[in-house]
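Since we're looking at a predicted model, the values are computed, not measured. Note that ligands are numbered from 1 as they come in the structure, with each ligand's atoms numbered from 1 the same way.
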Amino acid sequence: MPAVATAILGVLSFDFFLVPPYLAFRVEDVQYVFTLFGLLAAGLVVGTLASRMREQAIQARKGEAQTAALYRLAADLADSAGFEEVLQAIRKNVKQIVNCGVAIYLPVGGVLELATGDPGFPANEPEKGIASWAYENGSMAGGGPDEATRRKTRYLPFKTPQGVIGVLGLHLRKGAEGLSQDEEGLLNALVSQGAIAIQRANLAEQSRRMELMQQTEKLQSALLSSISHDLRTPLVSITGTLTTLQENDPGLDDATRKELIENASEEADRLNRIVGNLLDLTKMEAGTLRISKRPCDLRDVLGASLEQLRERIGDRAIRMAIPRDFPEVPMDFSFMMKVFFNLLDNAIKYSPEDSPIDVGARVHRTAAEIEVGDRGTGIAEGDLTRIFERFYRAEKAQPVAGTGLGLSICKGIIEAHGGRIVARNNADSGATFIVTLPLEEKQEPS
Ligand code: ADP
C-alpha cells in the first residue's frame with residue numbers, strides 16, 4: 001500500500017509542479033499523458049518488488065531465528081547425558097522462545113505424571129486433566145477459540161512414530177495474548193525434536209536396565225555353579241572314601257584306612273564350614289544376625305580358632321605377638337572366632353606351606369588392632385577393597401579352592417561389632433588383615 005500511494009503521489013506532484021500548466025492537475029500536451037502513465041507503471045512495479053523483497057527478508061530472518069533455536073536445542077540435547085538432562089534441555093530452550101513457565105508430563109504406568117516443572121506452574125488436578133487429554137488425543141489442548149475461554153496454559157503432545165510419549169505444558173504470563181503463529185510453529189518443531197530425544201533417552205535407560213539385569217542373572221548363575229561345585233568336591237571325596245571302606249578291600253592296611261578316614265573327615269569339616277558361611281550370610285542378609293558382646297581375652301578367641309585349624313596348620317610357625325597386659329575386648333566370642341578362623345584359614349591357603357603366619361595385637365587410642373599377616377602371594381592393589389565383596393575372588397586366588405564368602409562374612413561380623421577390617425600388602429611379601437574393634441563398649445545386658 002505505501003508503495004502504491006507513493007507512486008500515485010509522485011505522478012500527481014510531477015503533473016502539479018513540472019508539467020504545464022504549472023500548479024494545476026491538468027495536462028496540455030498529450031505527450032505528457034503517456035509520460036505520466038509510464039511513470040505510474042514503473043513506480044507501481046518497483047514499489048511492489050521492493051515490498052516483496054522486504055517481506056522475504058523478514059521471513060528469512062524469522063527462519064534464521066528458528067534454525068538457530070532448533071540448533072541450540074539440538075546442541076543441548078547432544079550434550080545431555082541422561083534422561084533428566086534431556087528434560088532440562090527441553091525446558092530451558094522452550095523458555096528461551098516463549099517467556100513462560102514450562103512443565104513436562106510423562107506417563108508412569110500409563111498415567112500422566114509431572115516429571116519436571118517450573119516452580120509457579122499450576123500442576124493441579126484440572127490442569128493435569130487437560131494435559132492427559134492432550135496425551136490421549138495427541139493434539140494440542142488449552143487454548144480456547146475466543147477471549148472468554150482462552151486459558152493461560154497450553155499442552156503440546158510429544159509425538160513419535162510409535163505414539164505420544166508425553167506432554168509439554170506452557171504457562172503463559174499474565175496478559176499474554178496466547179501464542180503467535182510463528183511461536184506456535186517453532187514450538188511444534190521443538191516439541192518434535194524433544195520427543196525424539198526423550199524417546200532416545202528412554203531407550204538408553206531401558207537398555208541400561210536390561211544390561212544390569214543380564215549381568216545380575218549371569219552373576220547369579222556363576223555363583224550358583226561355583227557354590228554347587230564347592231559343595232560337590234568334598235561330597236565326592238567323602239562318598240569315594242566311604243565306598244572304598246565299605247568294599248572292605250583286604251589289601252587296605254590300617255594306616256591307609258586311617259588316612260582315608262582323616263581325609264574324609266577334613267572334607268566333611270570343609271563342607272561344614274561352607275554351609276556355616278552360607279548360613280551366616282543368609283542371616284546377615286535377613287538382618288537376623290545377633291551379636292552379644294562381653295569382654296573376652298583375645299588370646300582365648302585366637303586359641304580357639306587355631307585349635308580348629310590345628311591339622312591344617314601342621315608344622316607351620318604361628319608367631320603370636322600379643323602384649324601380656326592386653327586388655328579384654330568386648331566381643332561375641334563365637335562370631336569373632338569365625339572371623340579369626342577365616343583370616344587364619346586364608347593365610348594358610350594363600351601362602352607357601354613352610355612360611356610363618358604372624359598374629360599381632362596392639363591398643364590404638366580407644367580400639368584394639370589385631371593383625372593377621374602371611375608371606376604369600378599378596379593381593380593386587382585394585383582388589384584390596386573388592387575382596388570384602390560377597391563372592392569376589394581375586395584372579396591370583398583362582399588355583400586355590402574357595403567361595404569368596406569368608407571375608408564378606410568377616411566384614412559383616414566386625415561391622416556389627418562397631419569395628420572395621422582392612423587389607424594391605426606387606427612391604428616384602430604377603431598380605432596383612434587388620435581388624436579394629438572398639439575397646440570402650442558398654443557391656444550388653446545378658
Ligand atoms: P575364598 O578364600 O573362599 O576365596 P574369602 O572371602 O575368604 O574367599 O577371600 C576372598 C578373596 O580374597 C580370595 O579369593 C583371595 O583372592 C583374597 N584373599 C583373602 N585372603 C588372602 C590372603 N591372605 N592372601 C592373598 N589373598 C587373599
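- Rounding to the nearest 0.5 Å gives a distance of 4.5 Å between CD1 of I313 and CG of L306.
- Considering backbone and side-chain atoms together, T377 places no N or O closer than 3.5 Å to any N or O of ligand 1.
- Within ligand 1, the atoms closer than 4.0 Å to a non-hydrogen atom of F433 are 19 (C), 20 (N), 21 (C), 22 (C), 23 (N), numbered from 1 in the order shown.
- Annotation: the span from K95 atom NZ to D118 atom CG amounts to 3.5 Å, rounded to 0.5 Å.
- Counting atoms of ligand 1 from 1 in the listed order, those under 4.0 Å from a heavy atom of A394 are 14 (O), 16 (O).
- A distance of 15.0 Å separates CZ in R54 from CG in L49, rounded to the nearest 0.5 Å.
- If you check which protein heavy atom lies closest to atom 27 (C) of ligand 1, you get Y350 CD1, 3.6 Å.
- Ligand 1 does not have G376 within reach: every non-hydrogen atom of the residue lies 4.0 Å or more from it.
- Each of the atoms 1 (P), 4 (O), 14 (O) of ligand 1 lies under 4.0 Å from some heavy atom of R393.
- What sits closest to atom 26 (N) of ligand 1 on the protein, heavy atoms only, is I379 CG1, 3.4 Å.
- Closest to atom 10 (C) of ligand 1, if we only count protein heavy atoms, is Y392 O, 3.5 Å.
- Close approach to I387 involves these atoms of ligand 1, each under 4.0 Å from a residue heavy atom: 10 (C), 11 (C), 12 (O), 17 (C).
- Set against the non-hydrogen atoms of K349, the atoms of ligand 1 under 4.0 Å away are 1 (P), 2 (O), 3 (O).
- A side chain to side chain contact (heavy atoms under 4.5 Å, CB included) with V102 is found for one member of T116, V94, L87 and no other, namely V94.
- With a heavy-atom cut-off of 4.0 Å, D374 touches ligand 1 through its side chain alone.
- Of the listed residues (L344, I318, V435), just one forms a side chain to side chain contact (heavy atoms under 4.5 Å, CB included) with V372, and that residue is L344.
- Shown in contact with G378 at under 4.0 Å from a heavy atom are these atoms of ligand 1, numbered in order with element: 25 (C).
- The pair K128-E113 meets the salt-bridge criterion, since a charged nitrogen lies less than 4.0 angstrom from a carboxylate oxygen.
- For E259, the CD atom sits in a loose shell: 12 or fewer heavy atoms of surrounding residues, nucleotides or ligands are nearer than 6.0 Å.
- The closest protein non-hydrogen atom to atom 15 (C) of ligand 1 is A397 CB, 3.5 Å.
- Within the structure, the closest approach of N342 to ligand 1 does not fall below 4.0 Å when heavy atoms are considered.
- Side-chain contact between L407 and N342 is absent, with no heavy-atom pair separated by less than 4.5 Å.
- For atom 3 (O) of ligand 1, the closest non-hydrogen atom of the protein is T403 N, 2.8 Å.
- Around the CD atom of Q162, the shell of radius 6.0 Å holds more than 12 heavy atoms that belong to other residues, nucleotides or ligands.
- Of the protein's heavy atoms, N346 ND2, 2.9 Å lies nearest to atom 7 (O) of ligand 1.
- The closest non-hydrogen atom to atom 8 (O) of ligand 1, taken over G402, G404, C410, comes from G404.
- Under a 4.0 Å criterion applied to the non-hydrogen atoms of L407, ligand 1 contributes the atoms 5 (P), 6 (O), 7 (O), 9 (O), 10 (C), 12 (O), 19 (C).
- Interface of L405 with ligand 1, defined as ligand atoms under 4.0 Å from a residue heavy atom, comprises 6 (O), 8 (O).
- With sequence neighbours excluded, the residues that form a side-chain hydrogen bond (donor to acceptor under 3.5 Å, both in side chains) with E84 are Q88.
- Heavy-atom contacts from other residues, nucleotides or ligands closer than 6.0 Å to CD of E353 number 12 or fewer.
- Of the N or O atoms in G406, one or more lie within a sub-3.5 Å distance of an N or O in ligand 1.
- Taking CD1 of I413 as the reference point, atom CZ of F340 lies at 10.5 Å (rounded to 0.5 Å).
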